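Single-structure report; data block below.
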Amino acid sequence: MKVLIVGSGGREHALCWALAKSPKCGELICAPGNAGIAEIARCVDVSADNVPALVELAVAEKVGLVVVGPEGPLVAGLVDRLQEVGIKAFGPSAAAAAIEGSKGMMKDLCAHYDIPTAAYARFDEPDGAKEYIRVHGAPIVVKADGLAAGKGVILCRNENEAYAAIDHIMIEEAFGQAGAEVVVEEFMTGEEASFFAIVDGEHALPLVAAQDHKAAYDGDEGPNTGGMGAYSPAPVVDAAMSKRIMDEIILPTIRGMARDGNPYKGVLFAGLMIDAKGPRLIEYNCRFGDPECQPIMSRLKSDLLELLLAAVDGGLDRIKLKWSPSSALTVVMAANGYPGKYEKNSEIKGIKEAEKIAGVSVFHAGTKADNGRILAIGGRVLGVTATGKSIGLAQKKAYKAVAKIDWPGGFNRTDIGWRAINRE
Ligand code: AMP
Ligand code: GLY
């Protein structure tokens with residue numbers, strides 16, 4: 001079967017890498033892809049946001065399955081448009097992707113189906129939002145309702161910061177239309193984890209959990225990023241916690257959405273806050289996490305294509321997933337300056353040397369090939385991923401591989417996995 005992957009990040013490289021192992025997978029095409037993906041798939045220069053061009057490409061190539069990586073095209077209705085022309089696609093419809101595309105929609109769903117999450121209120125004008133902040137006090141969290149490239153969440157230590165956040169989103173319109181509405185919610189404490197389930201509209205199959213490092217610098221300091229590293233398993237999500245997350249959060253969501261006539265298909269990514277009382281939902285995403293997808297795919301022993309097709313066609317209840325008992329850990333290498341302004345086109349050397357270490361895969365994100373050279377063209381550029389018997393051993397191997405990479409234009413955190421390693 002010919003498969004088209006949409007996206008250009010480390011997540012999509014890891015998905016291509018896992019799909020390429022399937023005996024059922026024929027030609028792999030990726031739009032637009034990157035220099036690493038180009039080694040295992042045919043990359044086509046169509047942007048992941050260009051829905052009509054992606055549909056045209058899938059039709060012209062007679063693709064058997066489209067796998068959509070990022071949230072943008074999902075929220076914009078790529079899966080709906082592909083279904084209209086009879087092409088199978090892994091991912092939610094636009095209506096179901098609103099679970100990520102509208103924080104207000106997700107919070108209302110939680111309230112309606114009694115899913116544990118932070119107490120909240122929605123506002124479409126600043127005065128009401130500020131009054132709510134005055135009544136509830138700080139710390140408090142202000143969120144733009146719509147997609148804001150991962151920047152729409154503002155954690156406010158005091159009331160003045162919260163008022164400023166409301167002005168930033170609603171009056172200065174920092175995120176445009178995405179901030180026409182806001183959610184103001186309780187500040188939660190605990191340990192964060194990323195939980196993924198593959199869903200076919202009716203059944204949900206949990207994947208192994210992962211933990212991400214959102215802050216740019218060591219010690220979880222500095223600005224928030226898309227994720228500077230991740231590992232799996234997540235010690236905070238043991239078997240009992242995984243069952244609670246399924247019973248209290250994932251299954252009520254799937255059943256509720258089906259009951260509301262808006263069934264969810266694809267991967268459901270729950271960002272969780274876990275404390276002594278149990279798991280609470282921070283947010284839903286309608287896609288795989290990046291970098292979390294990289295260590296998770298590194299541990300998957302089952303056929304990914306079969307799994308994704310079962311989600312599209314229904315029948316996930318017949319699938320049993322096999323996982324490597326090893327741990328996996330990804331260190332993200334990012335361009336100097338990220339998540340702020342960063343330089344492009346610096347050369348990266350040593351990737352092949354890094355990959356010679358057994359159990360190491362270097363997943364590419366913002367890279368481009370240029371006459372045999374690899375150039376950095378994005379913020380997050382590489383995901384150096386290693387497996388090992390423990391998270392500590394996977395970490396050692398990943399940093400040994402990072403040391404082989406010669407890239408003065410980039411930086412990485414040196415403490416990925418610290419929380420889990422402290423527990424080992
Ligand atoms: P998001 O962009 O929704 O992933 O949020 C970014 C980060 O903000 C999350 O990973 C959490 O660390 C933090 N966050 C979001 N909502 C809350 C909340 N209600 N309480 C505490 N932290 C939060
Ligand atoms: N690493 C978090 C995300 O993909 O949103």
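None of these values were measured; they are calculated from a predicted model. First listed ligand is number 1; within each ligand, the first listed atom is number 1. All values below were derived from every heavy atom in this structure, side-chain atoms included, with hydrogens, water molecules and symmetry-related copies excluded.
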Got the closest protein heavy atom to [atom], with its distance?
atom	answer
atom 1 (P) of ligand 1	Glu283 OE1, 3.4 Å
atom 6 (C) of ligand 1	Asn224 ND2, 3.9 Å
atom 15 (C) of ligand 1	Ile282 CG2, 3.4 Å
atom 8 (O) of ligand 1	Val153 CG1, 3.8 Å
atom 20 (N) of ligand 1	Met188 N, 2.8 Å
atom 13 (C) of ligand 1	Leu155 CD2, 3.8 Å

#### Entry: Residues that Arg122 engages under side-chain hydrogen bond (donor to acceptor under 3.5 Å, both in side chains), provided they are two or more places apart
Asp108, Glu181

### Message
Within the structure, is a non-hydrogen atom of Lys143 found at a distance of less than 4.0 Å from ligand 1?
### Response
yes

### Query
Between the side chains of Thr253 and Tyr264, does any donor sit under 3.5 Å from an acceptor?
no

### Message
Could you tell me if Ser22 and Asp303 have a donor-acceptor pair between their side chains, going purely by distance under 3.5 Å?
### Response
yes

### Message
Taking non-hydrogen atoms within less than 4.0 Å of ligand 2, which protein residues qualify?
### Response
Asp212, Gly226, Phe269, Arg287, Gly289, Asp290, Pro291, Glu292

### Task
Could you list which atoms of ligand 1 come closer than 4.0 Å to a heavy atom of Phe187?
20 (N), 21 (C)

### Message
So if I count the atoms of ligand 1 from 1 in the order they appear, which ones are less than 4.0 Å from some heavy atom of Lys214?
### Response
4 (O), 10 (O)

### Task
Please tell me if the side chains of Pro339 and Lys151 come closer than 4.5 Å, counting only heavy atoms from C-beta onward.
no

### Query
Heavy atoms, side chains only, cut-off 4.5 Å: are Cys156 and Phe187 in contact?
no

At under 4.0 Å between heavy atoms, is it the side chain or the backbone of [X] that contacts ligand 1, or both, or neither?
X	answer
Glu192	side chain
Thr189	neither
Glu185	side chain

### Task
For the pair Glu185 and Lys103, evaluate side-chain contact (heavy atoms from CB on, under 4.5 Å) and give the outcome as yes or no after the intermediate values.
CA-CA 11 Å; Glu185 67 178 39; Lys103 295 204 157 55; over 6 Å; no

### Task
Report the residue from Ile319, Leu321, Leu307 that forms a side-chain contact (heavy atoms from CB on, under 4.5 Å) with Ser302.
Leu321

### Query
Is the closest basic N to carboxylate O distance between Lys107 and Asp145 below 4.0 Å?
no

### Pair Lys277 + Asp275, salt bridge at N-O below 4.0 Å
no

### Query
To the nearest 0.5 Å, what is the distance between CD1 (Ile416) and CG (Asp212)?
8.5 Å

### Query
Between Tyr231 and His213, is a side-chain contact (heavy atoms from CB on, under 4.5 Å) present by the stated rule, with each step listed?
CA-CA 9 Å; Tyr231 52 89; His213 294 258; 3.5 Å; yes

#### Entry: Atom of Gly227, atom of Val332 and distance for their closest heavy-atom approach
O-CG2, 3.7 Å

